[in-house]
Amino acid sequence: MSSALSDLLACPIVQAPMAGGVSVPRLAAAVSDAGGLGFLAAGYKTADGMYQEIKQLRGLTSRPFGVNLFVPQPEAAESGAVDLYAQQLAGEAGWYGTELGDTDHDRDDGYDAKLAVLLDNPVPVVSFHFGVPTPDVVDSLRRLGTLTLVTATTAEEALAVRRAGADAVIAQGLEAGGHQGTHRDLPENDGAGVGLLALVAQIREAVDLPVVAAGGIMRGSQIAAVLAAGASAAQLGTAFLATPESGAHAAHKRALTGPLFTRSELTRAFSGRPARGLVNRFLREHGPYAPAAYPEVHHLTSPLRAAAAKAGDAQGMALWAGQGHRMARDLPAGRLVEVLAAELDAARAALTTYPTTGGDGR
């Protein structure tokens with residue numbers, strides 16, 4: 001691990017930035033205070049909303065933390081495909097007594113305005129999802145002492161991260177919950193992602209950058225596995241989603257280990273971009289027909305998801321979760337970091353005492 005990054009972490013645990021109100025200041029503060037690296041998610045927020053959360057977090061902890069940004073999406077979706085999907089969702093709008101959302105939104109998620117805030121009010125770490133920032137952006141943040149991390153889902157994407165000059169790459173395996181951070185959203189690649197351990201190895205061979213491993217990690221023994229594979233730290237999302245400090249809806253938290261939701265699946269149903277969530281009615285009925293149209297589909301379904309959440313109807317909510325969701329633990333975030341660190345230490349100790357000789361002693 002780079003010395004700059006290791007200086008921020010008492011233990012190699014990063015709390016994934018989960019947009020949509022999950023990664024709130026109290027969660028990030030609890031993780032950072034316990035020795036991990038807490039993160040705020042600026043996605044879907046205004047620049048001022050992000051700034052207010054940063055101020056709140058600074059009032060809760062003096063420890064380092066990070067802020068995650070969505071890189072602007074270059075490709076505009078075909079309006080015909082979005083209109084056709086809107087027709088299919090008309091019944092959902094009637095069921096929930098709401099209108100479908102307006103798809104005529106800016107595609108950049110306020111990226112420039114958020115960057116301006118982070119340049120005026122530097123934070124220890126900024127990470128990027130859905131693409132790579134320009135070298136000028138990375139250099140501007142570095143001059144202020146901000147470390148930059150960028151998500152990659154392939155070794156080729158990791159090469160782009162290195163070319164941009166980022167400090168570390170987040171290797172996001174296919175197991176990860178929420179949106180896949182692919183740099184280009186190509187429908188022909190749906191379901192063709194790489195599992196985490198293979199991805200960490202591929203990226204380590206492709207670039208000389210610290211790697212933060214993300215995807216399906218729920219136990220300290222899994223952290224030990226990715227560290228042994230060459231990662232410098234592990235990023236966990238679903239494990240922290242279940243904590244009391246998380247801003248996730250109560251129905252979402254219950255669903256992680258509930259009897260009705262036994263598996264997860266990548267889908268475009270809720271946002272138009274591949275994202276892993278628990279398989280519910282909405283995903284089953286609409287996933288096969290959802291177009292590659294992000295963020296248009298995200299805005300289109302926003303009122304439906306809000307209405308389902310208000311009604312406590314998990315069958316209509318976007319229940320983002322990684323493949324390890326059944327292993328979620330109802331622990332306070334700080335305590336979870338401690339437990340994960342203890343499990344990591346135990347796994348490391350077991351590896352050091354594992355016999356290396358054959359059964360006959362040779």
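Between the side chain of Gln56 and the backbone N or O of Gln52, no donor-acceptor pair lies under 3.5 Å. A donor-acceptor pair under 3.5 Å is formed between the side chain of His249 and the backbone N or O of Ala251. Under the 3.5 Å distance criterion, the side-chain polar atoms of Arg219 are matched with a main-chain donor or acceptor of Met327. Checking side-chain atoms of Asp108 against main-chain N and O of Gly110 turns up a donor-acceptor pair under 3.5 Å. Of the possible polar contacts, none joining the Ser246 side chain to the Ala242 backbone as a donor-acceptor pair under 3.5 Å is found. A donor-acceptor contact shorter than 3.5 Å links the side chain of Thr154 to the backbone of Glu157. The main-chain N or O of Gly216 is found under 3.5 Å from a side-chain atom of Gln222 such that the two form a donor-acceptor pair. In this structure, the side chain of Thr148 does not engage the main chain of Ala166 through any donor-acceptor pair within 3.5 Å. Between the side chain of Thr146 and the backbone N or O of Val123, at least one donor-acceptor pair lies under 3.5 Å. In terms of modelled atom types and a separation under 3.5 Å, the side chain of Gln172 and the main chain of His179 share a donor-acceptor contact.
Side-chain contact between Thr257 and Asp330 is absent, with no heavy-atom pair separated by less than 4.5 Å. In this structure, Val297 and Pro291 have side chains that are in contact, with non-hydrogen atoms separated by less than 4.5 Å. Ile217 places a side-chain heavy atom less than 4.5 Å from the side chain of Leu196. Residues Leu241 and Met18 have side chains in contact (heavy-atom distance under 4.5 Å, counting atoms from C-beta outward). Side-chain contact between Tyr111 and Val137: present, with at least one pair of heavy atoms (C-beta onward) separated by less than 4.5 Å. A heavy-atom distance below 4.5 Å is found between the side chains of Pro17 and Gln235. Side-chain contact between Leu141 and Leu119 is present, with heavy atoms from C-beta onward closer than 4.5 Å. Thr243 places none of its side-chain heavy atoms less than 4.5 Å from the side chain of Leu331.
A salt bridge links Asp167 to Arg142: at least one charged side-chain nitrogen sits closer than 4.0 Å to a carboxylate oxygen. Ion pairing between a basic and an acidic side chain is recognised when a charged N comes within 4.0 Å of a carboxylate O; Lys55 and Glu53 show no such pairing. Ion pairing of Arg268 with Asp185 is present here, as a side-chain N (NZ or NE/NH1/NH2) and a carboxylate O approach within less than 4.0 Å. A salt bridge does not link Lys253 to Glu245: none of the charged nitrogens lies less than 4.0 Å from a carboxylate oxygen.
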Take Gln202 and Val194 through the test side chain to side chain contact (heavy atoms under 4.5 Å, CB included) and record every step on the way to the result.
-> CA-CA 10 Å; Gln202 290 171 16; Val194 183; 4.1 Å; yes

Practice problem: In sequence, state the C-alpha distance, the side-chain angles, and the governing distance for Asp109 and Lys114, and then conclude on salt bridge (Lys or Arg N to Asp or Glu O under 4.0 Å). | Solution: CA-CA 9 Å; Asp109 195 47; Lys114 292 171 185 175; 2.9 Å; yes

What verdict does the side chain to side chain contact (heavy atoms under 4.5 Å, CB included) test give for Val339 and Arg329, after you've listed the backbone C-alpha separation in whole Å, the side-chain angles of each residue and the deciding distance to 0.1 Å? CA-CA 11 Å; Val339 169; Arg329 296 181 277 202; 3.8 Å; yes

* Asked: Given the rule in the side chain to side chain contact (heavy atoms under 4.5 Å, CB included) test, do Asn121 and Tyr51 qualify, once you have shown the distances and angles that lead to the verdict?
  -> CA-CA 9 Å; Asn121 303 270; Tyr51 174 62; 3.8 Å; yes

Output, in order, the C-alpha distance, side-chain angles, deciding distance and verdict of side chain to side chain contact (heavy atoms under 4.5 Å, CB included) for Leu344 and Cys11.
CA-CA 10 Å; Leu344 169 60; Cys11 56; 5.8 Å; no

- Task: Walk me through it: do Phe270 and Phe282 pass the test ring-ring contact (aromatic ring centres under 6.0 Å, His included)?
- Result: CA-CA 8 Å; Phe270 297 100; Phe282 194 102; 4.7 Å; yes

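In the model, Arg305 has a side-chain atom that pairs as donor or acceptor with a side-chain atom of His298 under 3.5 Å. The closest side-chain donor-acceptor pair between Ser264 and Arg276 falls under 3.5 angstrom. A side-chain donor from one of Glu92 and His286 sits under 3.5 Å from a side-chain acceptor of the other. Side chains of Gln15 and Ser23: a donor on one and an acceptor on the other come within 3.5 Å. In summary, the side chains of Asp313 and Tyr96 do present a donor paired with an acceptor at a separation below 3.5 Å, with no hydrogens or angles considered.
Pairing each heavy atom of Ala171 with each of Leu199, the nearest pair is C-CD2, 3.8 Å. The shortest non-hydrogen separation linking Val132 to Ala160 is CG1-O, 3.8 Å. Shown here for Thr238 and Leu256, the closest heavy-atom pair between the two residues is CG2-CD2, 4.0 Å. Across Ala269 and Leu283, no two heavy atoms sit closer than the pair CB-CA, 4.3 Å. What you find for Ala231 and Val200 is that their closest heavy atoms are N-CG1, 3.9 Å. Closest heavy-atom contact between Val22 and Leu27: O-CD2, 3.9 Å.
Aromatic rings of His252 and Trp320 (six-membered ring for Trp) have centroids beyond the 6.0 Å cut-off, not under it. Checked against the 6.0 Å centroid criterion, the rings of Phe39 and Phe65 do not qualify as a close aromatic pair. For an aromatic pair to be called close, the ring centres must be under 6.0 Å apart, and Phe261 with His325 fails this.
In this structure, Arg273 satisfies the cation-pi test against Phe130, with its NZ or CZ atom closer than 6.0 Å to the six-membered ring centre and inside 45 degrees of the ring normal.
Note on Leu37 and Leu40: separate hydrophobic clusters, where clusters join Ile, Leu, Val, Met, Phe, Trp and Tyr whose side-chain heavy atoms are under 4.5 Å apart, directly or indirectly. In this structure, Leu340 is not a member of the same hydrophobic cluster as Leu8, with clusters built from ILVMFWY side-chain heavy atoms closer than 4.5 Å. A single hydrophobic cluster is not seen to contain both Tyr289 and Leu89; linkage of ILVMFWY side chains at heavy-atom distances under 4.5 Å, directly or through other members, places them apart. There is a path of hydrophobic side-chain contacts, each under 4.5 Å, that joins Leu69 to Val117. In the hydrophobic clustering of ILVMFWY residues, with side-chain heavy atoms under 4.5 Å counting as a link, Ile170 and Leu147 come out together.
With values rounded to the nearest 0.5 angstrom, Asp83 atom CG is found 7.0 Å from Gln87 atom CD. One distance of note links NE2 of His299 with OG of Ser271; it measures 10.5 Å at 0.5 Å rounding. Interatomic distance, CG of Leu260 versus CG of Asn280, reported as 10.5 Å (0.5 Å rounding). Between Leu266 atom CG and Gln323 atom CD the span is 8.0 Å, to the nearest 0.5 Å. Atoms CG and CD, on Asp106 and Gln73 in that order, are 13.0 Å from each other to the nearest 0.5 Å.
Tested against Val169, the residues Ile203, Thr151, Val150, Leu149 include a single side-chain contact (heavy atoms from CB on, under 4.5 Å) partner, Ile203.
No more than 12 heavy-atom neighbours from other residues, nucleotides or ligands sit within 6.0 angstrom of CZ on Arg184. Heavy atoms of other residues, nucleotides or ligands lying less than 6.0 angstrom from CG of Asp208 number 12 at most.
Using cut-offs of 30° and 60° on the angle between ring planes, the pair Tyr44 and Phe70 is perpendicular.
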